[in-house]
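This report refers to the structure that appears directly beneath it.
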Amino acid sequence: MDKIVIEGGTPLSGEISISGAKNSALKLMVACLLTDEVLTLTNMPNLRDTRFLGHLLANFGVAVKDGIGNISLHAKTLTSTTAPYDLVRKMRASFNVLGPVLARAHKAKVSLPGGCAIGARPVDLHLNALKAMGAQIELSEGYVIATAKGGLKGAEITFPFISVGATEHSMLAAVLAKGETVLNNAAREPEIVDLANCLNAMGAKISGAGRSEITIEGVKKLSGIKFAVVPDRIEAGTYALAAATVGGAVRLVNVRSDHLGSLWPLIAQAGAKVTMDENSVLVERHGTPIRPVDVETQAYPGFPTDLQAQFMAMVCLADGVSIIRENIFENRFMHCPELSRMGANITVTGREAIIRGVPKLKGAQVMATDLRASASLIAAGLAAEGTTEVGRVYHLDRGFEQIEVKLGNCGARIKRVSE
Ligand code: UD1
């Protein structure tokens, strides 16, 4: 198994090009199931999760052609309507095939999902939305068995709380349904807008994506198109926070700075300088101390839960006390014991972590616990004195394209070691 070995203490300096968004790419790939024509995605990140979803789609009979930075997906006919346990358990986003397969084939059998162990993460909202659209749903031996005789029908769906996955899944199911679907209390993440833009380019009629009420007028058929995946705001935020944590100057390019509106003021509050122009963001910190900052995670446009661990790594080194509250997932502080192994002073009580800043972190052997937490350990390792070894890097490979290369190009002393 690979591990990442870091010699800390060198400031970062250079340019990082941001890849296409994992969380968008995964849902866009699933959209190929809705048309018998070719869907080509460009600005595609090359990640374990996207490769993995390619295998799952191939299992349905989709012809998958992987290029450099692009992928072509052709679901001419669906040769299967079953997504087996082995192909779903590793990644929660695979569950989103259920709606499109059901919409197209009027039946689907999909294993209940796995993914990062950051809480219970049920799929009740997904299933209730499909039921509202007329699906019959049965749960049997770890599988969801869904049928929709005559196809799905438009419905008015009000989510009891905001869910990114359930909003996207409902959109994917509703585009080929008969009649109009209205989603109330929908998620507003940029990835939702990206999915709506792609589906609309394919011939869907979705309005309101990016707002709390989304309306989808069902259409009979969607067409193949070429579509560019939106830049990854979480990857961009991760490198911006790494620059603020470690110090130095990092310019992010191929970035949508407007998608990180909640982050920039907080990074500035922590003492880093953020300069934006049309195509790039420069994050710098040269010797000024890190100041403590409180933050709580919220649905977009609030501060993203996917940057919480990376933010924590930064304030571990602040000259005061910060409080971080995690509102989205109930078990997303697994990085705290690992950061503590490096000398951080963190107390977790329920959904809140109190971080008492320390003057320095010390290199240690640590374990990646989930995808985003792994990135926080890398930033902490780069800022720490001595050597840090991050184990279980397969978590990292799920969602960060060539992280050691991108950071290495900025002067970080970081390497991947195969054991
Ligand atoms: C997506 C992102 C993930 C991000 C999260 C929140 C992908 C592949 N993953 O995950 O990186 O951290 O949004 O921004 O895009 N919930 C239920 N029932 C449901 C659905 C969700 O109780 O049916 C709960 C979850 O357990 C969680 C909360 O709702 O506590 C929000 O989850 P959701 O927004 O659905 O996250 P995902 O779509 O799984």
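Just so you know, ligand 1 is whichever comes first in the structure, and atom 1 is the first atom listed for that ligand. Along the sequence shown, residues carry numbers from 1.
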Checklist entry - Centre of Phe400's six-membered ring, under 6.0 Å away, within 45 degrees of the axis: is that where NZ or CZ of Arg372 sits? => result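 Judged by the rule (NZ or CZ under 6.0 Å from the ring centre, within 45° of its axis), Arg372 counts as positioned above Phe400.
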Does ligand 1 have any atom sitting under 4.0 Å from a heavy atom of [X]?
| X | result |
| --- | --- |
| Tyr300 | no |
| Arg332 | yes |
| Lys27 | yes |

Contact check, side chains of [X] and [Y], non-hydrogen atoms, under 4.5 Å:
| X | Y | answer |
| --- | --- | --- |
| Gln308 | Phe329 | no |
| Ser280 | Thr275 | no |
| Met44 | Met29 | yes |
| Thr181 | Thr215 | no |

Has ligand 1 got any nitrogen or oxygen that is less than 3.5 angstrom from a nitrogen or oxygen of [X]?
| X | result |
| --- | --- |
| Pro122 | yes |
| Glu330 | no |
| Glu189 | no |

Just to be sure I read this right, does ligand 1 sit under 4.0 Å from the backbone of [X], its side chain, both, or neither, counting only heavy atoms?
| X | answer |
| --- | --- |
| Arg92 | side chain |
| Asp306 | side chain |
| Ile328 | both |

Checklist entry - Can you list every ring pair (Phe, Tyr, Trp, His ring centres under 6.0 Å) pair that touches residues 154-186, not counting sequence neighbours? => result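 Checked against ring pair (Phe, Tyr, Trp, His ring centres under 6.0 Å) - neighbours excluded - the pairs reaching residues 154-186 are Phe95-His169, His126-His169.
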Item to check | CA sep, side-chain torsions, deciding dist, call: Val62, Thr79, side chain to side chain contact (heavy atoms under 4.5 Å, CB included) | outcome: CA-CA 8 Å; Val62 177; Thr79 54; over 6 Å; no
Item to check | Stepwise ring-ring contact (aromatic ring centres under 6.0 Å, His included) check, Phe303 with Phe311 | outcome: CA-CA 10 Å; Phe303 184 81; Phe311 198 88; 5.3 Å; yes
Please could you name the atoms of ligand 1 that [X] approaches to less than 4.0 Å, counting only its heavy atoms?
| X | answer |
| --- | --- |
| Asp124 | 17 (C), 18 (N), 19 (C), 22 (O), 23 (O) |
| Thr305 | 6 (C), 12 (O), 14 (O) |
| Gly165 | 35 (O), 38 (O) |
| Val123 | 19 (C), 23 (O) |
| Leu125 | 18 (N), 19 (C), 23 (O) |
| Val164 | 13 (O), 14 (O), 33 (P), 34 (O), 35 (O), 38 (O) |

Next on the checklist: Can you see whether Glu326 engages Thr305 through a side-chain donor-acceptor pair at a distance of less than 3.5 angstrom?
Outcome noted: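 Indeed, the side chains of Glu326 and Thr305 share at least one donor-acceptor pair under 3.5 Å.
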Next on the checklist: Pair Asp2, Ser418 - check side chain to side chain donor-acceptor pair (under 3.5 Å), show working.
Outcome noted: CA-CA 4 Å; Asp2 290 0; Ser418 297; 3.0 Å; yes
